[in-house]
Every structure is written in C-alpha cells, then in structure tokens.
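The block underneath contains the structure these notes are about, expressed in structure tokens.
Here the structure is a predicted model, which means the values were calculated and not measured. Letters A, B, ... are given to chains in the order of the sequence lines, protein chains preceding strands, and every chain is numbered from 1.
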Amino acid sequence: MSPELVSLIQRAQELNDDFELTAVRAWKEAGAGRKAIGHMPIYVPRELIHAAGMLPVGIVGAGERLEIIRGDAYFQSYICHIPRSTIELALSHRLDVLDGMLFPSICDVIRNLSGMWTMLFPDRYVRYVDLPQNFEPATGGVYWRRELETLREDFARLSGRPINDDALRHSIAVYNENRSTICELYRARSRQPWVYPTSEVYVLVRAANVLPPEDHTALLREYLRLAPLETDRRDRDQSRVVLVGTFCEQPPLGLLLTLERAGCWVVDDDLLLGLRWIMGDISCDGDPLQALVEAFLTRSVETAARYLPEGKHGGALVDSVRRNRAEGVIFCAPSFCDPALLEQPMLVAALDREGIPHTQFKYSEDTGQFAVIREQAGTFSDSIRLWSQA
Amino acid sequence: MTAASPSPRVPAEAGKERSMSLQKQMIAGHYSALSRAPQEGRKVVYTFVPGNLTELLRSFDLLPVLPEINALQSGMRKLSGDYIAEAEKHGHSEDVCTYVKCDIGMLKKGNIGPTGERLPPPDLLLLSYTGCFTFMKWFELLRQEYDCPVAMLHVPYQSEGRILPHHVEYIVQQLRTEVIPKLEAVSGRRYDEDRLREMLRLSAQAEDDLVWVLESAKHVPSPIDAYFGGVYYIGPMFTAFRGTAEGVAYYRVLREEVEARLRAGLGPLTPEGSQGKERYRLVMEGPPNWTSFREFWKMFYDEGAVVVASSYTKVGGLYDGGFRHDPKRPLETLAEYCMGCYTNLGLPTRVALLERYIREYRADGFMINSIKSCNSFSVGQLLMLRQLEQSTGVPGGFIESDLVDPRYFSAANIKNRIESYLQMLEQKRIGVNA
Ligand code: SF4
Ligand code: SF4
C-alpha cells in the first residue's frame with residue numbers, strides 16, 4: 001500500500017477511535033465561540049447545525065475498545081449496547097466538548113435515552129428530534145417544517161448567530177456534495193470491491209462523524225484517487241453480498257474484516273445510514289427549509305425506523321441486490337435491536353419471493369470473537385458461489 | 001405493553017363483585033359480536049390500546065380488536081409460550097417484544113380468540129402509534145398477513161413534558177385526512193361528529209368514575225389494589241367500551257362497590273377474598289407479568305403489600321392528571337388523549353408522576369417491574385429508580401420479568417426479591433420508630 005494511502009486510512013481510523021473527540025476540540029479551539037452539536041443515529045438535518053456555524057458530531061457508541069464501567073448500571077441486560085457505551089462516554093466527560101445533543105426518533109431506546117440525558121445533564125441542550133411518519137406535504141410536511149423551525153431557532157440561539165437562507169442553502173450544497181461523494185464511493189466499491197474494500201470504505205466514511213463535511217469530502221476524494229493506484233488489488237473469487245441491519249449500533253471493524261476474509265465482498269450496506277438518508281441532492285433554490293422538508297418526505301431511504309406507507313417491505317433491498325449484482329444478503333443486526341429484528345422477517349420474505357439467498361447473525365458493538373461469524377459467512381459465501389455457478 | 005382486562009374467566013374467580021360479572025359479560029359479548037361480524041356484515045378494525053380511538057371507531061359502528069389484549073389473555077391462559085415458539089419458528093427473533101410474537105403465533109395457529117371463538121380478520125389496521133415504535137413494526141408485519149388497508153396515525157412524543165399546539169394540529173390533520181377517510185371507506189358511513197361528541201361525553205362520565213376509583217387508594221388503608229386489581233378496573237376503559245353506555249354503567253357500579261368497601265373498612269379484593277391488614281403501601285412502575293399473574297399478585301398480598309398507585313394503569317390514558325375527553329373539541333381532544341398516554345411521556349415527566357404518586361398516596365416504597373419485551377417502558381428505569389430514591393427518600397425495589405414469555409418469569413427469584421425488599425422496608429420502619 002502506498003504511504004499516502006496508509007496514512008489516509010490511518011488518519012480516518014484515528015478519528016474513529018478517538019473517544020476523547022480531540023478533532024472536535026481542535027476544531028472548536030481554532031475559532032472563537034465555536035460550538036459542536038452531537039447526534040445519535042440515524043438521521044438529523046445536519047445542514048441546519050452547519051448553517052449555524054456549528055459542527056455536527058455523530059455519536060455511535062464506543063465499539064469494542066471502551067471498558068464499560070458505569071454504563072451497565074443504567075441498562076438492563078436485554079437492551080442493545082449502544083446506549084450503555086454512549087452513557088459511559090458522557091459520564092466519563094468525554095462528550096463534554098459537545099454543546100448539545102440530538103436524539104432522533106428511531107426507536108424507544110434512543111427516545112428514552114433523550115430523557116435520561118435531560119435528567120443526567122440538566123444544564124445541557126438536549127432535543128428529541130421527532131421525525132414525521134406521515135409523508136403528506138400538508139400533514140407531515142407542515143409538522144416537520146415546524147420542528148425544523150424550532151431547531152433553526154435553537155441553533156441560532158446556541159451559536160449566537162441567526163441562520164439566514166443563504167447560509168442554509170450553502171450548507172445544503174456542502175452536504176449534497178458530501179453525500180454524492182459517499183455515493184460515488186459506494187458505486188465504485190460496487191464495481192470493484194477489491195479496489196475499495198468495505199473494511200477501508202467504512203473507516204473512511206465513518207470519519208464524517210467528527211470532521212467538518214468539507215474536510216470529509218476532501219478525504220473521500222483523496223481515497224478515491226489513491227485506492228485505484230494500488231496495483232496489487234486484484235479481483236478475487238468472492239461472493240457479492242449486501243449487508244443489512246447496521247444502521248445504528250455499529251459492528252466492530254473486525255466483523256467487516258471477517259466477512260471479507262470469509263469470502264464476501266460487501267457491495268452495499270446500511271452502515272451509518274444517516275449520512276446517506278436523503279437520496280440524491282436537496283434543492284439549493286428557493287426556500288431552503290422547505291427544500292429540507294421536501295427531501296425528507298419524498299427521498300428518505302427505506303429503512304426499519306421509517307414507516308412504509310405503501311407496498312411491501314424489501315423493495316429497496318431487492319433493488320439494491322439487483323443494482324449491485326449481489327448474490328446474497330447478510331442480515332447483520334445488533335442483539336436486541338427491535339427495529340432491525342422486527343423488520344427482518346419482512347425483508348426475508350421479500351428475498352424469498354425473489355429467490356435471493358440470505359443468512360443472518362447478530363452482533364454487539366463490543367463483539368470480540370468472530371470465529372462463528374467467519375464460519376457462517378464462509379459457508380454462505382461458498383454456497384452462493386456454487387449456486388451462481390450452477 | 002398494554003393493558004387491561006385479563007381473561008374473562010379470572011374476574012369471576014377473583015371475587016363475587018357485580019362489576020366483575022358485568023365486565024365478564026361485556027367482554028364475552030364483544031368477542032361474540034366479533035365472531036359473528038363476518039356473517040352480520042360488520043366491519044372489524046384492529047388497533048392498539050395506547051392512543052386508541054375507540055369513540056371514533058364506534059361512531060362508525062366499527063368493532064375494535066386489540067391484539068395486545070389477545071396477547072395478554074393468551075399469557076393468562078398459558079398459551080403464549082406456544083404462540084411465541086410458533087412465531088420464532090417463522091423467523092421472529094428471540095430478542096423482540098413478545099406481545100408481537102404471541103399475536104403472530106396466535107394468527108399462525110388459526111386466530112382463535114380468548115373465548116375460544118375465531119377472530120375475524122381485520123377490515124382495516126388502524127395503526128395509532130402512541131408511546132412505542134414496536135407498534136409500527138407490529139402492524140407492518142400484520143399487513144404482510146392480511147390483504148387490508150392500513151391507516152397510520154403518528155403521535156409525536158411529549159419529550160418536553162408538554163403538548164405543543166402544532167403537535168395537536170398534526171394529529172388532527174392526520175385524523176381528518178388519513179384516519180377518517182379510511183374509516184368512512186371501510187364502514188360505508190359518513191363521519192358523524194355529533195355522534196362522536198355524544199360518545200366523548202359518555203367517555204368523560206366513565207373517566208370521572210374511574211379516577212374516583214383509582215384515587216380511593218389514597219385512603220389508608222386502601223380499599224383497592226391499584227395494580228393487580230387496577231388492571232381489571234382499566235379493562236373496559238382501555239379497550240372497547242369507552243364512549244358506550246355499558247362503559248358508563250360499569251364504572252358507576254364499580255365506584256359504588258369501592259365506596260361500599262371503603263365504608264366497610266375492607267381492603268382490596270384478591271382472588272382469595274379481601275386482603276387482610278395493609279402492611280406496605282407501594283407504587284408500581286411497569287407492566288405486570290401475565291403468564292403467572294395470580295402467583296405474582298399473591299407474592300404481594302401474602303405479605304400485606306398493597307399497590308396504591310401504578311403507572312401501568314395509565315398506558316391507555318392518564319386521567320388522574322385532569323384530562324377528560326372533551327365533546328366540545330372532538331378531534332383535538334382525541335389528539336391530546338393520544339399524546340398524554342403514559343409511555344408517550346418523557347422520562348422526567350414519568351419520574352415526576354411517580355414522585356407525585358409516592359407523595360400523594362403516602363407510599364412506603366416503590367417497585368419497578370422491568371419487562372424484557374418492552375423497551376418503551378424499560379429503557380431508563382434504572383435511572384428512574386435512582387432519581388426517585390433521591391427525590392423522595394423512599395427506597396425502590398427492582399424486579400425483572402416479561403409480559404407473556406413464560407421463560408422470563410423466575411418465580412423463586414422474584415419472590416425472593418420481593419420478600420427481601422419488604423423486609424428492608426420493615427427494618428427501615430422499625431429504625432424510624434425506634
Ligand atoms: S441498536 Fe437498534 S434498538 Fe439499539 S438504539 Fe439503535 S436502533 Fe435502537
Ligand atoms: S414494546 Fe412494549 S409498548 Fe411496545 S408493543 Fe411491546 S409491550 Fe407494548
């Protein structure tokens with residue numbers, strides 16, 4: 001690997017591993033009065049935070065490397081892992097650098113975590129972002145606009161600077177570029193997963209949680225430039241799979257590496273889905289708040305945390321399989337994740353209708369042993385390769 | 001979650017009060033109407049307890065089916081274990097809410113309701129969605145099984161402890177543009193606001209009496225158990241009978257009975273007759289376990305523990321805070337009702353409510369029954385425990401079980417915990433008096 005590529009990936013990896021949020025601190029110190037707002041998965045309108053001159057910071061728990069000392073005392077054993085490591089980060093003052101925290105409405109865990117935050121940190125800005133599940137402009141649209149107006153006022157107050165329409169349009173453009181670059185990377189990976197392996201793509205994309213979007217886009221562009229220069233990256237006889245269920249609590253990197261080593265190329269996934277929640281560009285013309293509303297109503301991704309008004313579940317997954325020429329699907333959900341696990345039988349049914357092979361297992365962000373997963377993924381990969389050769 | 005109206009068989013066993021046989025008749029009548037619905041051309045709407053729109057449904061002459069109630073009744077009738085296993089066999093994860101799996105298992109095994117009669121399939125799934133995200137997935141799953149329309153009502157969460165005007169507008173707008181048109185289509189009737197108003201008036205009347213009954217527990221000793229007994233009292237209100245004359249009559253009779261118990265100085269009615277001396281007054285947070293409901297209750301009354309207030313009896317509406325359905329503002333009042341159900345309240349509001357109960361009902365302690373199935377209730381309960389202990393100075397107890405999955409009710413363990421908790425309360429009392 002070229003030294004530039006090594007250092008690029010290393011930089012992203014360090015950003016992901018840095019529980020102290022050093023990069024966020026550095027960003028704040030680089031300008032007077034700078035503020036940072038944290039948010040849980042999946043989707044929040046980061047454009048509004050950015051337009052207030054603040055830094056949106058994605059918080060996705062602490063993976064496998066943080067010892068949970070206090071967090072377990074707050075959650076029963078049958079609750080997923082991300083809230084306990086997130087509370088651990090907060091109680092150990094690692095999130096003190098954040099000037100506020102947003103909790104989007106994706107499940108009861110994150111919803112109740114917002115209340116816990118209010119109780120534990122009464123002096124901090126906390127907001128539950130209640131996304132509409134009604135997608136009619138005159139109903140869900142009107143409601144969501146009001147919610148966005150509240151956020152806009154809150155962020156203006158926190159940052160001490162009103163968010164004018166031009167600033168918001170600019171931020172929308174910045175995030176459009178970021179999203180389209182991520183999507184370009186996803187398309188490139190789908191074409192040549194051996195050039196852009198998921199274990200790298202994920203590390204690079206995840207850096208979006210702490211970097212300003214402009215810097216993150218530049219980081220991805222650099223990766224897109226450097227990765228194809230690696231002459232020893234060659235196609236291997238691996239099966240092409242789509243990974244589903246990973247939109248909130250993140251699997252450990254070891255799990256993604258294990259899948260690759262077990263013979264699977266991940267050609268699409270729902271890792272860190274919030275970064276790609278809106279499909280396509282948001283309009284930079286006209287009323288920018290309305291543009292955010294319209295994009296949410298009409299171009300949100302299909303995922304477990306969102307109500308699907310019409311049609312059968314799994315349409316988007318089947319499309320993804322087709323579009324990415326995948327040979328199978330791996331359901332890979334966090335233990336005790338209600339949205340992902342309740343959605344799964346509906347997705348399975350959709351795949352079965354289409355004759356698409358699938359397998360499933362669960363993880364926790366702190367899973368450290370991958371032998372079983374490796375074996376299962378290996379067997380799955382072998383079986384679908386045999387299937388597609390037959 | 002959710003509430004109410006356990007097996008029609010049980011109230012009769014639990015005592016000889018008239019309200020019980022009345023409730024039993026009402027429930028039996030309802031299930032029988034449901035089983036006849038296809039022949040009689042009546043339309044059936046499946047919906048949920050928290051944030052239910054019973055008056056609105058009834059105003060269209062539609063019959064509600066509440067899958068949560070079927071699940072809890074399956075739990076009490078010891079059928080839920082098999083149903084859950086059936087759902088897991090069909091690919092449902094062991095990790096998720098057992099109400100959903102119990103319902104799906106029951107469906108897969110022929111959809112036989114609690115009275116042994118087959119439940120008709122839904123003509124509409126009314127997904128009114130209050131206080132829990134699992135509801136949304138639940139009906140998305142049912143939609144895969146039934147070829148019928150779904151009406152979705154998204155109710156925003158009261159994260160800041162107050163209902164905002166644009167939240168009410170959002171719900172009303174959904175009622176007007178999503179729910180009512182679908183109810184009209186399925187029933188073939190026009191929306192009749194006067195009829196709805198009349199039903200809401202009846203609701204408020206019954207609600208007054210329910211609140212009186214629940215608040216009778218402020219009396220020392222209490223004439224009722226507001227958790228184990230309470231789940232019977234909320235039955236008609238939380239299910240199919242709000243807005244009906246039957247509902248009003250039931251709550252009037254119930255109130256008179258409790259008034260009589262109070263006058264006679266009797267304690268709560270249990271399956272083994274009137275409870276003896278009240279030794280501990282407790283506030284309870286979290287749903288009960290249904291698979292061993294009687295055994296669970298006995299662990300309390302054998303020790304002289306009476307639950308004087310509970311949050312579970314507020315999942316289908318929080319009336320003791322003053323809310324009543326208001327016939328003058330029919331759709332707005334439904335919106336406010338939906339937003340006010342217990343699990344739709346932010347955690348700080350939940351803590352404040354329990355604090356108020358501990359104070360106003362002069363409780364010696366409070367106990368949390370943490371339910372494995374139910375993230376909506378359970379996430380944050382350990383913090384609630386601490387906060388409540390701190391703010392009230394009253395010690396809390398913590399037990400874990402499940403609603404309808406018998407695998408998660410460890411009787412010996414739970415009994416042990418309850419006993420040591422009550423002993424601790426006793427010692428504290430002796431310490432204070434010494
Ligand atoms: S992992 Fe699943 S259950 Fe846990 S917080 Fe995330 S979405 Fe909710
Ligand atoms: S998670 Fe709780 S509130 Fe939701 S359906 Fe299950 S038991 Fe009811």
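The residues A:Arg299 and A:Glu294 are annotated as salt-bridged, a charged nitrogen and a carboxylate oxygen being separated by less than 4.0 angstrom.
Relative to the six-membered ring of A:Phe135, A:Arg306 meets both conditions, a distance below 6.0 Å and an angle of at most 45° to the axis. Figure legend: cation-pi geometry between B:Arg386 and A:Tyr74, with NZ or CZ positioned under 6.0 Å from the six-membered ring centre and within 45° of its axis.
Counting heavy-atom pairs closer than 4.5 Å to chain A, the top residue among B:Ser373, B:Gly380, B:Pro149, B:Pro156 is B:Pro156. When each of A:Gln360, A:Glu343, A:Glu147, A:Arg146 is scored by its heavy-atom pairs under 4.5 Å with chain B, the top score falls to A:Arg146. Among B:Met136, B:Arg350, B:Gln173, the residue with the largest count of heavy-atom pairs under 4.5 Å with chain A is B:Met136. Ranked by heavy-atom pairs under 4.5 Å with chain A, the first of B:Glu94, B:Glu140, B:Gln174, B:Glu400 is B:Glu140. For the set A:Ser77, A:Pro339, A:Ala304, A:Ser114, the count of heavy-atom pairs under 4.5 angstrom toward chain B peaks at A:Ala304. For the set A:Ala305, A:Ala349, A:Ser105, A:Pro83, the entry with the most heavy-atom pairs within less than 4.5 Å of chain B is A:Ser105. When each of A:Phe336, A:Tyr128, A:Tyr307 is checked for heavy-atom pairs under 4.5 Å with chain B, A:Tyr307 comes out on top.
In this structure, the portions of B:Ser378 lying under 4.5 Å from any heavy atom of chain A include both its backbone and its side chain. With a threshold of 4.5 angstrom between heavy atoms, B:Leu345 does not approach chain A through any atom at all. Neither the backbone nor the side chain of B:Val172 comes within contact range of chain A; no heavy atoms are under 4.5 Å apart. For B:Leu127, the part lying under 4.5 angstrom from a heavy atom of chain A is the side chain only. Both the backbone and the side chain of A:Val109 come within less than 4.5 Å of a heavy atom of chain B. Contact annotation for A:Pro132: both backbone and side-chain heavy atoms come within less than 4.5 Å of a heavy atom of chain B. Neither the backbone nor the side chain of A:Ala333 comes within less than 4.5 Å of any heavy atom in chain B. Heavy atoms closer than 4.5 Å to chain B are found in the backbone of A:Ile106, but not in its side chain. Using a 4.5 Å cut-off between heavy atoms, A:Thr139 touches chain B through backbone and side chain atoms alike.
For B:Arg356, the CZ atom sits in a packed shell: over 12 heavy atoms of surrounding residues, nucleotides or ligands are nearer than 6.0 Å.
Taking the six-membered ring wherever Trp is involved, the centroid distance between the rings of A:Phe296 and A:Tyr43 falls below 6.0 Å. Centroid-to-centroid, the aromatic rings of B:Tyr342 and B:Tyr312 stay 6.0 Å apart or farther.
A donor-acceptor contact shorter than 3.5 Å links the side chain of A:Gln250 to the backbone of A:Thr246. When atom types are taken as modelled, the side chain of A:Glu354 and the backbone of A:Val318 share no donor-acceptor pair closer than 3.5 angstrom. A donor-acceptor distance shorter than 3.5 angstrom exists from the side chain of A:Ser92 to the backbone of A:Leu89, with no hydrogens or angles considered. Judged purely by atom type and a 3.5 angstrom limit, B:Lys101 uses its side chain to pair as donor or acceptor with the backbone of B:Ser93.
Checking A:His81 against A:Glu249 by side-chain atom types alone, no donor-acceptor pair falls below 3.5 Å. A donor-acceptor pair shorter than 3.5 Å can be found between the side chains of B:Thr134 and A:Asp338. Between the side chains of A:Asp154 and A:Tyr125, at least one donor-acceptor pair of N or O atoms lies under 3.5 Å. Looking at B:Ser376 and A:Arg111, their side chains do bring a donor and an acceptor atom within 3.5 Å of each other.
Contacts from residues 161-171 of chain B to chain A, taken as heavy-atom pairs separated by less than 4.5 Å, involve B:His166, B:His167, B:Glu169, B:Tyr170 in sequence order.
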